[in-house]
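Sharing a structure here in structure tokens format.
In this text the structure is predicted, and so the values were computed from the model without any measurement.
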Amino acid sequence: MKLIKFTKKGIYCIPGKFYLDPWYPVDYAIISHGHADHSRAGNKHYLCHNDSKAIIKHRLGQDIFIESLRYNEPRNINGVQVSFFPAGHVIGSAQIRLEYKGFVVVFSGDYKTQPDFISTPFEPVKCHEFITESTFGLPIYKWKEEAALQTQLQNWVLQNQQNNRTSVFLGYSLGKAQRIMKLIEGVDDIFVHTAIHNLNYAISGSGIELPETTLLNYDFKKADLQNKIVIMPPGLLGSRLLKKIPNASTAICSGWMHIRGNRRWKGVDAGFAVSDHADWDGLLEAVKATEAEKVYVTHGSQAVFSKYLNEIGIEAHELKTEFGDDELASEVEIKTEKA
Amino acid sequence: MKDFSNLISAIEITNKTNAKIDALVNYFRTAPDKDKLWLIALFTGKRPSRPVKSNLMKTWVMEITQLPEWLFLESYASVGDLGETIALLLPNPEYKIEKPLHIWIDELINLKQKTDEEKKIYVLEAWNGLEAQERLIFNKLIGGSFRIGVSKKTLVNSLAKLSGIDANQLMHSIIGNWTPNSISFDDLLNGEHINYDNSKPYPFCLAYSLEKDLEDLGKTNEWQVEYKWDGIRGQIIKRKEEVFIWSRGEELVTEQFPELVEAVGQLEGNFVIDGEILAIKDSAVLLFNDLQKRLNRKNVTKKLMEEVPVGLYIYDILEWNEVDLRTFSMEERRVKLEELFKQNTSDILKLSEVINFKNWDELDALRNIARSFNSEGLMLKKKDSIYHVGRKKGDWWKWKVDPLTIDAVMIYAQKGSGRRSSKYTDYTFAVKNEDKLVTVAKAYLGLTDVEITEISRWVNKNAIEKFGPVRTVKPELVFEIAFEGIAYSKRHKSGVALRFPRMKRWRKDKTVKDIDTIESVKALIDAN
Ligand SMILES: [Zn+2]
Ligand SMILES: [Zn+2]
């Protein structure tokens, strides 16, 4: 029998009677991670990883009904054994493993295979069917190691300081912001926008240690910020707040910045290829490690990646989903985020 | 190449012109002379011819990476640049090669006459010894456009900062006739080569768009008004019986317009004139689209010259018999220009008409009919103004006709190359033709990044094809398309050609039912 079904509301587990990251409200939603396109409002019952709980409550409201599990802690739902495995995407991100009568399906959610020293590192999970993302499913994507990124970002900040400039990073509040904090930790004081500050507060509340930051008050003194580091959501590109920052040099951190044309973004100085999704080799390795007999490819380059998998002898199917692109969050998305 | 690669990184990591200039000055302070000369040559489009065909490079990369061709092409479509695609696809280098820029270039020049097998050995060895960014530069040295966000102006300003030499003189120097092997860096900067160079152009005087009321310009008789044309602004130089044609982009385009060289050569004396190169057939100015067929051709055939004949509308005179006239007033220059032109017998050279008008209101009416003969509007030039260097506010104004607009529906979307290669940025639009749709325009300008992001997401969901750079989409998204002109065209399936179409607004309030019909679009031609 079939364990999962792809419906209009999302990926549905037939015997378990629950959905995975549904995009329309359902009774029971199992959530891979806290990004807006994976954890949406309106579900009656949420289940997620322990570290995602505070994030999701912060985003969707304190009054939602939400339960959480550790990694590899099984929960039986209508006879289906559900467990979470680290996805390495952002703090609290999980692959969702479903086992029913010996048949195993794993939904990857969003993932990256390279450790970032802030989220729990990705662990491959053997399964019969694997549902994978494919945001960067083209062989042109090949990420630098964390140490190289660290040098790159820190040198940029130091260079800015030599030129009397304040370094402003633009990155999504959940995931990218904490990653940037970790990459530049110790170089100088880090100021963060309210949206990031509040999220950091929620994350720290669940016992995770983050690099030290200061809230960027709207009435900050210019002298306090000069030559320091600021992190804000990309939606604030071109905002009054950004213009108020003295001698700002701006940088976007996103996997899309791997391509030169994308780095030459309007109004931004630098672009760094810091991605929270797997690169081409990461995707291939992850798929192979599952030893799955069937792979479903979701959001991103699903056509390309599934065609390639089939060519190298791995049965793959494309799956159209409503998941978005959290690597280059547009202003539209950011504005819906709670400030 | 390390230094050159670092320079490119330093330039690309900022969008502030001063920071780019500082990076260039730093490079010029430390790099070997030959490298500096090649840098200037590369940034001003003086490059050796391509030694290795791009198809060969593609084949070798597929061999190394073991990727199927469709996946290579898919990658290329996503990156939008072949040299960069190759640099990104190759595995990490196994060793390190360090050679100065000019040695690489010399080797590439010598590579041209080698066999394909020898070329392959050389290129593969280079690829395996260079980091991704250096590899990209290496591929760009072989061929392809090398756009890195440094304008000639920025380059010249950095040389001026380095040397203290006047920027205009440096502009003359770097765009003159020289090659990196024929001159030293100091001689180039000091302009040793340009005193002997008859081709030396002057910087163009440019106009701003009119931003005040006509009444505020003062008396009407203080202004010389002409039609504005959309062709190639050119500076035509005749010195010592030689004719040179410079485009506004500071390119020498003499070879592309042999009929102009001949006609101008008939005029006696030495002179420099400023004008507009236009496609003109049966005394009527054609659209820029037509002129485009004449541009960047290696050979200008007789057939092409008959198909798209060109002419020159002359605006101004900058030099006559060794006298620099640029500090003379517009009025005085016009007198000189008319004097020079008296001897003209060619019918492809024309003086730009000076429009007679009594009051400002009259001018507004004249502007509105300009489109009917493919003029872009009017130029207003202060009669007592000198011929300025570059753009200067107040003396010259351009006053364009208001754009025409239609509502059209998007039917294809294509990924942009360069700046936003992960997004769908280039769109094709259609209007109704009875119960079908017919393509009327392609456009990529006019939308905000947020709108592009939203549309890209929509395209991803609604596209019919899955591979390749072009996506057919459901005809749902309606846009107001603005354009400068419209004419009947046999080349276009719709029978009309729009000039400079761009997206004025995304009409989320409209559906495909509300778009224009081909009849209502054609009606615009007759109305204008
Ligand atoms: Zn995500
Ligand atoms: Zn996602």
Residues passing the ring pair (Phe, Tyr, Trp, His ring centres under 6.0 Å) test with B:F479, sequence neighbours excluded, are B:F429, B:W506

Tabulate, in ascending numerical order, the residues of residues 239-249 of chain A having at least one heavy atom closer than 4.5 Å to a heavy atom of chain B, or enter 'none'.
-> A:A248, A:S249

Hey, could you give me the CH2/OG distance between A:W156 and B:S9, rounded to the nearest 0.5 Å?
-> 14.5 Å

Part of B:D22 lying under 4.5 Å from any heavy atom of chain A | neither

Of B:T65, B:L67, B:T85, B:L88, which meets side-chain contact (heavy atoms from CB on, under 4.5 Å) against A:P139?
-> B:L67

Value rounded to 0.5 Å, distance of CD1 in B:I13 from CZ in A:F272 | 4.0 Å

Mind checking the CZ-OG spacing from A:F136 to B:S78? Nearest 0.5 Å is all I need.
-> 10.0 Å

Where A:L138 and B:L71 come nearest, the two heavy atoms and their spacing | CD2-CD1, 4.1 Å

Compare every heavy atom of A:R165 with every heavy atom of B:K16, then report the nearest pair and how far apart it is.
-> CD-NH2, 3.3 Å

salt_bridge(A:R260, B:D81) N-O dist < 4.0 Å | no

Any chance NZ of A:K144 has more than 12 other-residue heavy atoms, nucleotides or ligands included, within less than 6.0 Å?
-> no

Does OH in B:Y444 sit with more than 12 non-hydrogen atoms of other residues, nucleotides or ligands closer than 6.0 Å?
-> no

Return yes when atom CZ of B:F4 has more than 12 non-hydrogen atoms of other residues, nucleotides or ligands closer than 6.0 Å, and no otherwise.
-> yes

With sequence neighbours left out, write down each residue that passes side chain to side chain contact (heavy atoms under 4.5 Å, CB included) with B:A10, or none if nothing qualifies.
-> B:A23

Using a heavy-atom cutoff of under 4.5 Å, enumerate the residues of residues 124-140 of chain B that contact chain A, numbered in order, or state 'none'.
-> B:L136

Would you find a donor on one side and an acceptor on the other, under 3.5 Å apart, between the side chain of A:K142 and the backbone of B:L90?
-> yes

Which heavy-atom pair separates A:K320 from B:K461 by the least distance, and what is that distance?
-> NZ-O, 3.3 Å

Which atoms of A:Q302 approach chain B - backbone, side chain, both or neither, heavy atom under 4.5 Å = neither

Relative to chain B, which segment of A:Q159 carries a heavy atom at a distance below 4.5 Å: side chain, backbone, both, or neither?
-> neither

Side-chain heavy-atom pair B:W70, A:E311 within 4.5 angstrom cut-off | yes

